[in-house]
Amino acid sequence: MSTETKCNPDLVRERAKCTFDVNELINLFYGSEKATKERRHFEDAVLAVKELKDAIPEEYLSHKERYENGVRKATILRDVYRDYKAKHNRDPPPNQITKAVIKDISPFLLHNGMFVPTIAGQGTPEQQAEWLPKAESMQIIGTYAQTELGHGSFIRGLETIATYDPKTEEFVLNNPTLTSFKWWPGGLGSTVNHCVVVAQLYINGKSHGIHPFIAQIRDLDTHKPLPGVKVGEIGPKMGFQTANNGFLGFDNFRIPRKNMLMKNAQVLKDGTFVKGINEKLTYGTMVMVRVGIVGDCSFYAALAATIAVRYSAVRHQSHIKASEPEAQILDYLTQQHKLFIAVASSHVYRNAYLWMEKMYTNVMKELSQDKQDNLPELHATACCLKAVCSRDAGSLVEECRLACGGHGYMASSNLPLTYGVTIAAVTYEGERTVLLLQTARYLMKAWMAALKGKVLSPSVSYLLNSLKESKKPWQNTPEGIVKGFQHVSFGKVKAAYETIQKYMKQGKDYEDAWNLASVQLVKASEAHSRAILCEVSWEAVCSSSASPNLSRVLQQLAQLYLTYWTLETSGDLLLYSNITKDDLIILRDKYEELLVAIRPNAVGLVDGFDLRDEILNSTLGSYDGRVYERLMEEALKSPLNQETVNSSFHKYLKPMMEKAKL
Ligand SMILES: CCCCCCCC/C=C\CCC/C=C/C(=O)SCCNC(=O)CCNC(=O)[C@H](O)C(C)(C)COP(=O)(O)OP(=O)(O)OC[C@H]1O[C@@H](n2cnc3c(N)ncnc32)[C@H](O)[C@@H]1OP(=O)(O)O
Ligand SMILES: Cc1cc2nc3c(=O)[nH]c(=O)nc-3n(C[C@H](O)[C@H](O)[C@H](O)COP(=O)(O)OP(=O)(O)OC[C@H]3O[C@@H](n4cnc5c(N)ncnc54)[C@H](O)[C@@H]3O)c2cc1C
């Protein structure tokens with residue numbers, strides 16, 4: 001029997017309606033036909049490992065069991081990666097199969113995502129030679145320990161101390177206060193034996209700022225914390241239950257001098273401090289991860305959209321016309337309004353990620369040639385895109401969950417967990433407001449440069465154009481809308497700058513004026529991000545190599561994104577661009593037309609994300625649409641359904657009922 005015949009008939013009909021080749025979309029989204037084949041081949045290899053299948057859903061396990069199961073699976077998964085590399089002489093292709101295996105977050109995420117990259121990015125060639133082979137082969141397991149109980153955002157305020165002792169050529173690590181304890185690092189709780197510790201460097205009583213150090217914290221054989229190390233797990237959270245986030249404190253814990261990662265700054269044997277060319281290069285791993293998070297946002301939006309769109313095609317409720325059968329809920333325009341923006345946004349984030357990745361690679365290349373000119377632009381852009389995409393993606397996932405009604409509240413829909421994991425990215429790797437204010441610093445500088453007629457970096461050069469074009473009439477085209485968002489950003493940057501000037505004229509110093517203008521500064525950064533997202537995604541769609549059929553649909557999605565945000569931020573556009581009320585009415589109608597145009601391709605579009613059932617891990621979103629069967633099958637797995645009468649009846653309910661008779 002083919003997959004199609006087993007499918008829910010609504011989904012079969014939806015797929016027959018699709019006007020483009022889904023495989024073409026998949027290949028375009030993931031880069032090429034070859035990339036798709038390799039990714040699927042690797043996913044097959046992972047899913048073929050029987051030991052990676054869970055006997056019962058994770059939600060029924062205790063906190064401890066869940067972690068232990070996570071570690072068990074992470075180690076098996078690691079073997080599959082190693083075997084693939086040995087066989088093919090290269091790393092597995094980019095994939096999301098970890099989601100199918102670990103479901104939540106791997107206890108090795110920080111090892112692979114930050115520990116290894118920090119050694120690679122911050123270590124000297126000798127340090128890389130010492131630790132990378134061990135870390136990459138998992139002889140040692142590490143994390144990135146920066147955040148403390150008292151400080152996360154303001155990293156210059158970290159309190160962990162590394163004092164250099166020239167007599168023994170060692171650093172002495174100490175956490176002198178409760179607030180100085182490291183708090184949050186993934187894997188720290190019970191998994192890792194090493195970490196990159198970010199600490200304040202002191203030499204001869206003088207502070208030299210924060211630097212990364214490698215510390216072994218557990219014995220490699222016994223896994224017991226080494227003397228002078230206090231380490232543990234921080235407890236349950238909204239998500240990240242299997243990430244094994246932990247706390248850590250040192251008491252006169254000594255590490256050799258060579259354990260300070262010294263690519264940027266160095267401490268010589270005699271205690272001489274050699275400053276790096278730019279102390280912010282120490283923050284490099286965070287920039288890399290912020291770029292990666294934009295890509296993650298695309299994945300989470302795609303995952304939630306796939307579940308909610310397929311479910312909405314299968315679910316029938318009420319009537320659009322009294323004379324017709326109950327409608328698929330996907331036919332309600334309100335439902336399309338909730339869901340299609342998630343589909344469109346996933347593509348927008350994907351294109352923004354690819355664009356940012358290029359910028360990142362260029363800047364890294366330039367840095368390797370000691371050229372730092374474009375680092376501020378990279379930092380500013382990564383900060384605001386990470387901040388805006390993560391918040392938007394979190395809201396989109398939640399909207400998809402709500403759009404599934406009561407069933408979206410079931411853990412088995414996988415939407416609650418997906419929300420918990422997605423929304424965490426608003427906070428980790430730089431809290432949203434804090435990052436937007438970083439971008440605002442850059443925008444204020446760019447604005448001052450624009451006022452002086454200087455050449456601006458590409459990502460802000462529109463500020464100069466907007467200065468010249470402020471009188472041009474609004475155009476209701478995608479290009480016109482992109483320009484409109486640039487005008488909004490221009491207007492908000494200008495207004496924030498003038499607000500700072502106003503407060504300074506009233507006698508405030510720059511810092512107080514900055515704080516008083518900071519709500520506007522954050523909004524200026526958001527507007528700048530939106531302008532980038534609109535421009536980059538529209539350009540990507542226009543320059544894509546897609547066939548006419550696919551291109552038409554991708555343009556509709558990109559236009560939907562542009563129009564959605566025009567209508568959402570119409571007040572800003574009325575204030576800062578030349579849009580009129582009549583233009584907005586035309587765009588409102590256009591938006592409705594786009595929803596209707598996209599509707600027949602909705603299922604095809606989410607099929608185009610090519611997320612397997614195992615990755616979706618959802619009763620509502622499977623390819624075959626057997627929603628109700630799966631909901632019941634999953635419910636029957638509840639331990640409460642493994643016995644006809646639960647012992648609480650005899651212990652509590654019966655005595656209560658009997659007491660009530662007296
Ligand atoms: C392809 C890879 C795929 C990866 C996929 C994802 C993997 C996921 C892995 C893990 C994720 C989950 C686990 C989460 C981990 C964490 O959360 S780790 C901890 C992260 N912590 C933070 O992000 C802290 C946020 N705070 C900061 O970054 C900084 O403190 C700050 C907010 C930037 C402020 O720093 P500071 O006070 O020192 O600086 P300022 O005085 O404000 O500014 C000084 C100037 O420096 C410039 N600056 C700041 N940062 C950078 C930078 N990174 N690069 C370049 N320049 C930087 C800043 O703009 C100022 O410049 P100016 O003076 O010219 O204006
Ligand atoms: C799931 C998860 C995983 C994590 N994993 C790791 C890890 O592996 N390693 C690690 O080192 N850390 C990790 N972290 C910590 C994370 O990086 C920090 O929580 C994050 O950087 C925010 O810092 P904070 O908690 O100190 O927030 P705070 O800075 O205390 O933020 C609280 C509020 O204060 C506001 N605020 C703070 N400073 C300013 C300012 N200058 N201007 C205006 N408003 C401000 C913020 O906007 C926010 O509203 C993780 C966090 C989470 C949630």
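For ligands, and for the atoms within them, numbers begin at 1 and follow the listed sequence. Counting begins at 1 with the first residue of the sequence.
- Counting only non-hydrogen atoms, the option in M288, M286, M114, R156 that gets closest to atom 40 (P) of ligand 1 is R156.
- Under the 6.0 Å cut-off for aromatic ring centres, Y503 and Y510 do not qualify, their centroids lying 6.0 Å or more apart.
- Remark: ligand 2 and Y144 share an N or O pair separated by less than 3.5 Å (distance only, no angle test).
- The shortest non-hydrogen separation linking V388 to S529 is CG2-OG, 3.4 Å.
- Contact annotation for atom 37 (C) of ligand 2: protein present (non-hydrogen atoms, distance under 4.0 Å).
- Among protein heavy atoms, atom 5 (N) of ligand 2 sits closest to W184 O, 3.7 Å.
- Between F171 and Y164, the ring centre distance stays below 6.0 Å.
- With a 4.0 Å cut-off on non-hydrogen atoms, L378 does not touch ligand 1 at all.
- Of the protein's heavy atoms, S153 O, 2.8 Å lies nearest to atom 26 (N) of ligand 1.
- A heavy-atom separation below 4.0 Å is not found between I293 and ligand 1.
- Residue T147 places no N or O, backbone or side chain, under 3.5 Å from any N or O of ligand 1.
- Taking every heavy atom of E431 and a limit of under 4.0 angstrom, the matching atoms of ligand 2 come to 22 (C), 46 (C), 47 (O), 48 (C), 49 (O).
- Between L435 and A387, the shortest heavy-atom contact is CB-CB, 4.4 Å.
- Of all heavy-atom pairs spanning M262 and V267, the tightest one is SD-N, 3.4 Å.
- For the pair P93 and Y84, the minimum side-chain heavy-atom distance is below 4.5 Å.
- T147 N, 2.8 Å is the protein heavy atom nearest to atom 11 (O) of ligand 2.
- The nearest non-hydrogen atom to atom 28 (P) of ligand 2, considering only G113, S153, G430, comes from S153.
- Residues Y442 and H379 place their aromatic rings such that the two centres sit no closer than 6.0 Å.
- Within the 4.5 Å cutoff, the side chain of M444 has heavy atoms near those of the V493 side chain.
- Annotation: G186 places an N or O atom under 3.5 Å from an N or O atom of ligand 2; distance criterion only.
- Here the shortest heavy-atom distance to atom 18 (S) of ligand 1, taken over E429, Q146, Q372, E279, belongs to E429.
- Residue-level proximity to ligand 1 for I155 is carried by backbone and side chain together, each with a heavy atom below 4.0 angstrom.
- Minimum interatomic distance between Q200 and L158 (heavy atoms only, all atoms of both residues): NE2-O, 2.9 Å.
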Subject >> Derivation and outcome, side-chain contact (heavy atoms from CB on, under 4.5 Å), residues M114 and E429 >> reply: CA-CA 11 Å; M114 292 192 83; E429 223 53 62; 3.2 Å; yes

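- Counting heavy atoms from C-beta outward, K73 and K103 have side chains that approach closer than 4.5 Å.
- Between H347 and F609, the ring centre distance stays below 6.0 Å.
- Residues F253 and L226 form a side-chain contact, since some pair of their non-hydrogen atoms from C-beta on lies under 4.5 Å apart.
- With hydrogens left out, the protein atom closest to atom 7 (C) of ligand 2 is P185 CA, 3.4 Å, a heavy atom.
- The T433 neighbourhood of ligand 2 comprises atoms 47 (O), with distances under 4.0 Å to a heavy atom of that residue.
- Assignment of K445 to the shell around ligand 1 is supported, since a heavy atom sits closer than 4.0 Å.
- If you check which protein heavy atom lies closest to atom 44 (C) of ligand 1, you get K280 CE, 3.3 Å.
- Judged by distance alone, the side chain of E65 and the main-chain N or O of S62 form a donor-acceptor pair under 3.5 Å.
- A distance-only check finds a donor-acceptor pair linking the side chain of E148 to the backbone of E159 [under 3.5 Å].
- Close approach of ligand 2 to Q146 (heavy-atom distance below 4.0 Å) involves ligand atoms 11 (O).
- Close approach of ligand 1 to V287 is summarised as follows: ligand atoms under 4.0 Å from at least one heavy atom of the residue are 53 (N).
- Proximity annotation for atom 52 (C) of ligand 1: of H379, M444, K386, H379 comes nearest, heavy atoms only.
- Scanning all protein heavy atoms for the shortest distance to atom 4 (C) of ligand 1 gives G292 CA, 4.0 Å.
- Between I161 and F250 there is no side-chain heavy-atom pair separated by less than 4.5 Å.
- Within a 4.0 Å radius of atom 32 (C) of ligand 2, the protein contributes no heavy atom.
- Relative to atom 23 (O) of ligand 1, the option among E431, R290, R441, Q438 with the closest non-hydrogen atom is R290.
- Geometrically, R39 engages Y30 in a cation-pi contact, judged by NZ or CZ lying under 6.0 Å from the ring centre and within 45° of the ring axis.
- Of the possible polar contacts, one joining the S346 side chain to the S298 backbone as a donor-acceptor pair under 3.5 Å is found.
- Among N515, V196, L437, L521, the residue whose heavy atom lies closest to atom 42 (N) of ligand 2 is L437.
- Ligand 2 places these atoms under 4.0 Å from at least one heavy atom of E429: 17 (O).
- Residue N245 touches ligand 2 through its side chain alone, judged by heavy-atom distances below 4.0 Å.
- Looking at V434 next to ligand 2, no N or O pair under 3.5 Å apart turns up.
- The contact set between ligand 2 and L110, taken as ligand atoms under 4.0 Å from a residue heavy atom, comprises 8 (O).
- For W447 and F490, the distance between ring centers is under 6.0 angstrom.
- Look at P376 and you'll find every heavy atom at least 4.0 Å from all atoms of ligand 1.
- Between Y428 and ligand 2, no pair of N/O atoms sits closer than 3.5 Å.
- Ligand 1 lies out of reach of G186, whose nearest heavy atom is not under 4.0 Å from it.
- With atom 24 (C) of ligand 1 as the reference point, the heavy atom nearest to it among G152, G284, A380 is part of G152.
- Closest to atom 20 (C) of ligand 2, if we only count protein heavy atoms, is T427 O, 3.2 Å.
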